[in-house]
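Data first, discussion second: the structure below is written as structure tokens.
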Amino acid sequence: MATAPRYWRENPSRYNMVGFKCNNCGKYYFPPRIICPLCHRKSVGKTEPVKLKGTGAIFSFTEVHEGMDEHYVQKPYIVAMVELEEGAKVTGQVIDCDACDLSIGTKVRATLRKLSEEGSAGVIHYGYKFVPVRENGERPGDE
Amino acid sequence: MRRVAVIGVGITEFGELWDSSFRKLGIGAGLSAVGDAKITADKIEALFVGNMSAGRFIRQEHVGALIADYSGIARDNIPATRVEAAGASGGLALRQGFMAVASSLHDIVVVGGAEKMTDVSDVESSLIQSSAADQEWETELGATFASLHALMATRHMHDHGTTREQLADVAVKNHRHGALNPKAQFRREINRDVVLRSPMVASPLRVFDCAPSSDGAAAVILCPFDIAKKFTDSPVEIIGSGQASDSLGLHHRKDICTMAATRAATQRALKMAGLSQKDVDVAEVHDNYTISEIIAIEDLGFFPKGEGGKATEDGLTSLDGDVAVNTSGGLKARGDPIGATGVAQAVEIVSQLRGTADKRQVKDADVGLTQNVGGTGATVVVHLFRRV
Ligand SMILES: [Zn+2]
């Protein structure tokens, strides 16, 4: 697990989904980068931090049963790659649903949750997880 | 650039080798390669060691010097270099050795690879393997190494209609091959049901879709092609070497069903060799998960994108298929001591091209290929070999 300073360093992005926009090509990135991988030097001085909306659709997902420390997360849990509306893809957990409710394309939004704790009396780390967007009482995944 | 040949190979047994230390494994593989090449230790000019994470697996860094020391070659003060690129560490060590000989910097070079994984718990081993991905933006948000490959599998099934059974067929084939390899960790055939009923790791991937944690080491001896016949009647030439990188995080790739680094490294190696994919008779590819082999045989250009699963199901990658893939049993059945894997792939291809692969020998094998992957495809190393 990461140390507290490492988490604090990433806090603006972890808490608020602050990404990076390259005003040379118009592409969005998450997490922030120092230079745009497409524009290289042309992006220097033409980039800005941007708060992303945090809404998007599932690009791929999996239900994880093994391999993560039990103190870190209760198993099983869902990990997804989410394609955000701005175009960047991010990896995160999907909560408040079962894997069978999800499919590629299911709409989700980011929410701030506890990611992990360091030891029994340790620092609690927060960051984004995703929840399905429920509209009109529909279950996510219903077509 | 000088032409480069392999004149000796060595490999330890792979598995949970509780009575073997890291240094014992590394030296065992090195000694058997030196013996195979019929050279004396004083001829060795440089050592390259592929190793992913001895610091976390056995709390020992500086393993280049360690292996040189315990092999008895440090007393000649030869340069010893550790090479790390996660799962591609071994293949990358081979490339460093190849470049050292090709550039005329050294004549006789030993390339080794070693990992001792079973001294830590399964969860700890999984966390160490996950550090090959983006620790801050994948692992710490909950992604395991297996789960990232599961994301590829889910998407590959969605985009290309690859079936759960076709994934299982990769493991079934590699266990069938592994059963013929006396050095393999698993030497037992399995069927689809065994795979499909094994416990879930990260859906759709189950235990039998995943390579095991392993201890083991492998080594090869390289020398200039022109003097190779002085040492052996059956040298094997390295005719192509390609390396490529990609984003560390899987989510930064446009298409997670393709490893662009495999495509780039393959093109570079084929161009150097002046060959095409059709010339390859036998290949060792990085099947750390069953989906990885399907993606690999597509990106290597053996089959069109989306047809890797079907090709596997149809037996086209079996010993007697169009291109024999993972005759050693692959990472799945031979075992995957991470830093050793890329070198073990070369050992298998050299055995095939020498015609010494016994029961798993591919008939008239002339050209062989290795594909070694680091992380979820952020580093890929491809080598081409030809019988002399
Ligand atoms: Zn740009």
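Keep in mind that what you see is a predicted model, and the values were worked out from it rather than measured. Both backbone and side-chain heavy atoms feed into the values below; hydrogens, waters and symmetry mates do not. Chain letters run A, B, ... following the sequence lines, proteins first and then strands; every chain starts at 1.
By the 4.5 Å heavy-atom criterion applied to side chains, L250(B) and T91(A) are not counted as neighbours. Between V82(A) and H251(B) the shortest side-chain heavy-atom distance does not fall below 4.5 Å. The shortest distance between side-chain heavy atoms of L141(B) and Y128(A) falls below 4.5 Å. Annotation: side chain of I104(A) is in contact with side chain of R155(B) (closest heavy-atom distance under 4.5 Å). When side chains are defined from C-beta on, H65(A) does not count as touching R206(B), because their heavy atoms never get closer than 4.5 Å.
Ranked by heavy-atom pairs shorter than 4.5 Å toward chain A, the options E124(B), M200(B), M152(B) are led by M200(B). Between chain A and the options T144(B), V207(B), V201(B), the largest number of non-hydrogen pairs under 4.5 Å is found for V201(B).
For R113(A), no part lies under 4.5 angstrom from a heavy atom of chain B. Of the two parts of Y29(A), neither the backbone nor the side chain holds a non-hydrogen atom closer than 4.5 Å to a non-hydrogen atom of chain B. Residue contact with chain A, scored on non-hydrogen atoms closer than 4.5 Å, is absent for L205(B). Only the backbone of A80(A) comes within contact range of chain B, with heavy atoms under 4.5 Å apart.
Closest of all the heavy-atom pairs between T62(A) and A150(B) is OG1-CB, 3.3 Å. For the pair S126(B) and G67(A), the tightest heavy-atom approach, listed with the atom from each and the gap, is OG-O, 2.8 Å. Listed here is the closest heavy atom pair of S13(A) and W137(B): CB-CH2, 3.6 Å.
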Let's go through E138(B) and M81(A) carefully: what are the C-alpha distance in whole Å and the side-chain angles of both, what is the deciding distance for side chain to side chain contact (heavy atoms under 4.5 Å, CB included) to 0.1 Å, and is it a yes or a no? CA-CA 10 Å; E138(B) 292 181 320; M81(A) 188 180 291; 5.8 Å; no
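Considering OG of S247(B) and NZ of K89(A), their distance stands at 9.0 Å, rounded to 0.5 Å. With values rounded to the nearest 0.5 angstrom, H158(B) atom NE2 is found 8.0 Å from S103(A) atom OG.
Contacts between residues 255-268 of chain B and chain A, defined by a heavy-atom separation under 4.5 Å, are made by I256(B).
Residue D122(B) places its CG atom among 12 or fewer non-hydrogen atoms of other residues, nucleotides or ligands, all under 6.0 Å distant. Atom NZ of K305(B) is surrounded by more than 12 heavy atoms from other residues, nucleotides or ligands within 6.0 Å. Around the NZ atom of K51(A), the shell of radius 6.0 Å holds more than 12 heavy atoms that belong to other residues, nucleotides or ligands.
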